[in-house]
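Below is one structure, written out as structure tokens; comments come after it.
Order of the sequence lines sets the chain letters (A, B, ...), proteins ahead of strands, with each chain counted from 1.
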2 protein chains.
Amino acid sequence: MADVAHRANVSTMTVSRAFKRDTSVSADTRDRILKAAEELGYVFDSIAANLSSRRSGFVAATIPSINNANFADTVRGMTEGLRDSGLEILLGFTDYNVEEEERLVGQLLQRRPEAIIVTGGRHTPRCRKMLANAGVPVVETWDLPSDPIGHVVGFSNAEAGRLMVDHFVARGYSKLGFIGGDTSRDTRGLDRRRGFIAALQDRGLDASRVIASGVPPISMREGAAAMVEMISRWPDTEAVMCVSDLSAFGALMECVRRGIRVPDDVAIAGFGAYDLAEQSVPPITTIDVGAHEIGIRVAELVLDLLNGRHAPEDRVVVGMTPRVIVRHTT
Amino acid sequence: MADVAHRANVSTMTVSRAFKRDTSVSADTRDRILKAAEELGYVFDSIAANLSSRRSGFVAATIPSINNANFADTVRGMTEGLRDSGLEILLGFTDYNVEEEERLVGQLLQRRPEAIIVTGGRHTPRCRKMLANAGVPVVETWDLPSDPIGHVVGFSNAEAGRLMVDHFVARGYSKLGFIGGDTSRDTRGLDRRRGFIAALQDRGLDASRVIASGVPPISMREGAAAMVEMISRWPDTEAVMCVSDLSAFGALMECVRRGIRVPDDVAIAGFGAYDLAEQSVPPITTIDVGAHEIGIRVAELVLDLLNGRHAPEDRVVVGMTPRVIVRHTT
DNA sequence: TTGAAAGCGCTAACAC
DNA sequence: GTGTTAGCGCTTTCAA
């Protein structure tokens with residue numbers, strides 16, 4: 001920067017200003033500086049800028065997996081919402097693992113994000129503490145925790161499970177099963193299963209038909225295998241909810257392979273409103289939680305918080321409403 | 001750090017050392033320091049560390065889209081390969097757009113990555129120049145550019161197109177079509193189409209059956225629409241390659257909806273070896289390019305380069321071989 | 001609109 | 001194994 005300043009006959013301070021928007025530098029001076037920088041092959045060093053200004057210019061976000069259309073939609077929404085703010089998103093992947101999340105959050109906080117967004121409302125105690133003490137806005141998403149750390153943009157996964165029971169019952173099914181949500185790793189999937197089970201019990205229906213399989217992310221293949229187990233253990237099962245559209249698709253394809261008619265022999269529903277569920281033949285009944293909108297809302301909230309448009313003590317909770325999309329598999 | 005040092009009765013330099021691995025601090029002292037840090041709620045500031053040490057601790061990578069299982073696999077491979085090196089990956093998304101890539105690369109370089117990995121071998125002139133002058137290792141992936149900027153871990157997309165023509169011809173098909181690869185945005189998809197066309201021409205086959213549709217990422221829905229157009233314009237088409245498994249799946253589902261038998265009436269193949277292509281009924285013939293392995297190889301290469309295990313002037317080109325996976329749709 | 005001085009929070013380099 | 005000194009490349013603050 002000193003070299004550029006020298007070449008453009010200004011001080012480094014003016015060079016610094018020339019590289020920012022909305023700063024008081026005359027057009028002439030700015031042009032001269034940018035030209036000098038270009039000639040010298042100067043590349044602005046944002047690490048030094050960050051240290052000096054005590055602003056890192058990014059928001060940290062953790063998501064369970066990079067390979068998931070739902071979380072990808074949320075990240076797209078956040079990116080769109082933050083586009084004009086000058087803030088970038090630093091993404092980390094937890095691999096559906098709260099220990100990994102703890103490690104990741106520790107790493108991310110060392111880079112001094114201006115806000116931190118985490119997927120889900122369950123964390124290790126250490127992780128909760130780090131987030132609570134981070135000194136920047138914290139937003140939990142994709143969940144509606146009973147004891148939030150900071151702010152929330154999410155929905156109740158248990159509610160999503162209940163909604164599907166309502167739908168199944170309205171369709172006349174009463175022998176209902178659930179596939180997925182086994183492990184403690186995908187806590188949101190587990191919540192959906194719990195909501196499903198609780199709704200069965202509330203209605204006095206049999207709540208034993210649960211095939212919990214594998215490590216998340218639950219795959220199409222695991223959905224197929226679980227479906228085989230479901231119909232061999234409980235051949236009279238009338239309708240099955242899968243923890244995600246991917247496993248629902250796997251289950252559906254297994255039925256197609258075996259000549260089991262869907263929904264005539266057994267109904268299948270998923271979760272997540274993936275493109276796949278819409279394009280598959282038959283198209284799959286699913287639940288839309290507005291993944292993209294979650295991202296947009298998170299971005300709006302973060303900008304409001306950073307710009308002081310909320311009282312610091314306000315806890316903002318944006319609750320989204322999961323919605324059943326009825327298609328041909330139920 | 002000064003506060004921690006004071007509380008632990010050491011200098012800041014010792015505190016600094018205590019927070020690193022492989023440094024000479026006695027176990028006692030380190031424990032005392034970490035305890036003091038814990039008590040004070042001290043969080044290490046890696047921005048300052050980065051400035052002082054002139055090491056950012058991350059590798060930048062650009063991918064076209066967050067929502068693509070292929071690039072996700074590559075990123076997973078890179079993450080795994082870099083896990084023990086202490087390097088993190090800073091991810092940016094270009095949205096299949098070289099102008100956006102240029103902007104993104106500019107931003108990323110300001111954060112001083114220790115290496116930069118870009119998807120694809122086509123860039124704006126300014127972007128090429130920035131990369132060439134970045135002063136850090138540059139790796140282009142998912143392509144085999146004729147004039148690489150730095151190093152390469154990739155494969156020839158044109159070769160992938162040719163391979164599928166070989167496969168179709170070996171299967172006895174001769175009226176061959178291609179879906180996708182329209183725009184200048186997905187240059188790798190375009191290369192696959194070009195390779196496909198060139199192979200047709202080499203064999204003296206009709207090369208006019210091309211439906212180029214939409215903006216990338218080409219979706220299942222667009223694949224379905226393109227298939228409709230293909231069979232209405234060229235009803236005698238015997239086999240169709242789609243630019244990706246997603247559009248191939250869309251095309252296949254459209255055929256199922258219309259009672260068109262696959263592969264008896266028309267054969268369909270995709271690209272990318274997505275899970276979807278394996279799990280769909282019928283399973284879809286596709287091309288596997290080793291997306292995950294690309295990531296692993298990139299990580300190995302980057303570590304070798306950073307550790308001086310290659311002569312600085314060596315240009316490393318790791319060529320992967322695309323491979324047809326034959327399934328039931330052809 | 002521009003500049004001078006001071007310093008952000010850490011680490012390299014060297015000393016002991 | 002630990003400490004001292006100097007500074008990384010910017011921006012804040014204040015002044016003109």
- Query: At under 4.0 Å between heavy atoms, what does B:F19 touch on the DNA or RNA strands: base, sugar-phosphate, or nothing?
  - Reply: nothing
- Task: Salt-bridge test for A:R103 and A:E99: reply yes if a basic N is under 4.0 Å from a carboxylate O, no otherwise.
- Result: no
- Message: Going by the rule side-chain hydrogen bond (donor to acceptor under 3.5 Å, both in side chains), which residues pair with B:D191 if we only count those two or more places apart in sequence or in a different chain?
- Response: B:R122
- A:R55 or B:T23, whichever maps to the more 5' nucleotide of DNA chain D: B:T23
For nucleotides 6-8 of chain D, print each protein N/O atom paired with a nucleotide N/O atom at under 3.5 Å, atom names and distance only.
| residue | atom | partner | partner atom | Å |
| --- | --- | --- | --- | --- |
| D:dG7 | N2 | B:S52 | OG | 3.0 |
| D:dC8 | O2 | B:S52 | N | 3.4 |

- Interatomic distance where CG belongs to B:D31 and P belongs to D:dG1 [whole Å]: 14 Å
- Message: With ring pair (Phe, Tyr, Trp, His ring centres under 6.0 Å) as the rule and sequence neighbours excluded, what pairs involving residues 101-128 of chain B come up?
- Response: none
- Rounded to the Å, how far apart are B:M1 CE and D:dT2 P? 15 Å
- With B:F93 via ring-ring contact (aromatic ring centres under 6.0 Å, His included) - residues at least two apart: none
- Find the distance B:N50:CG to D:dC10:C1' and express it as a whole number of Å. 14 Å
- Can you list every side chain to side chain donor-acceptor pair (under 3.5 Å) pair that touches residues 33-52 of chain A, not counting sequence neighbours? A:R7-A:E39, A:K35-A:E39
- Message: Without decimals, in angstroms, what is the distance between B:R112 CZ and D:dC10 C1'?
- Response: 11 Å
- Residues in side-chain hydrogen bond (donor to acceptor under 3.5 Å, both in side chains) with A:D304, at least two apart? A:R309
- Task: Measure from CD1 on B:I47 to C1' on C:dG7 and round the result to the nearest Å.
- Result: 16 Å
- Message: Applying salt bridge (Lys or Arg N to Asp or Glu O under 4.0 Å), can you list everything that pairs with B:R32, at least two apart in sequence or on another chain?
- Response: none
Pairs under 3.5 angstrom, nitrogen or oxygen only, protein versus nucleotides 2-6 of chain C, please.
| residue | atom | partner | partner atom | Å |
| --- | --- | --- | --- | --- |
| C:dT2 | OP1 | A:S26 | OG | 3.3 |
| C:dT2 | OP1 | A:T29 | OG1 | 2.5 |
| C:dT2 | OP2 | A:S26 | N | 2.9 |
| C:dG3 | OP2 | A:S11 | N | 2.9 |
| C:dG3 | OP2 | A:S11 | OG | 3.0 |
| C:dG3 | OP2 | A:T14 | OG1 | 2.4 |
| C:dG3 | N7 | A:R17 | NH1 | 3.3 |
| C:dG3 | O6 | A:R17 | NH2 | 2.7 |

- Message: Taking salt bridge (Lys or Arg N to Asp or Glu O under 4.0 Å) as the definition, give me every residue that meets it alongside A:E300, ordered by chain and number, with sequence neighbours left out.
- Response: none
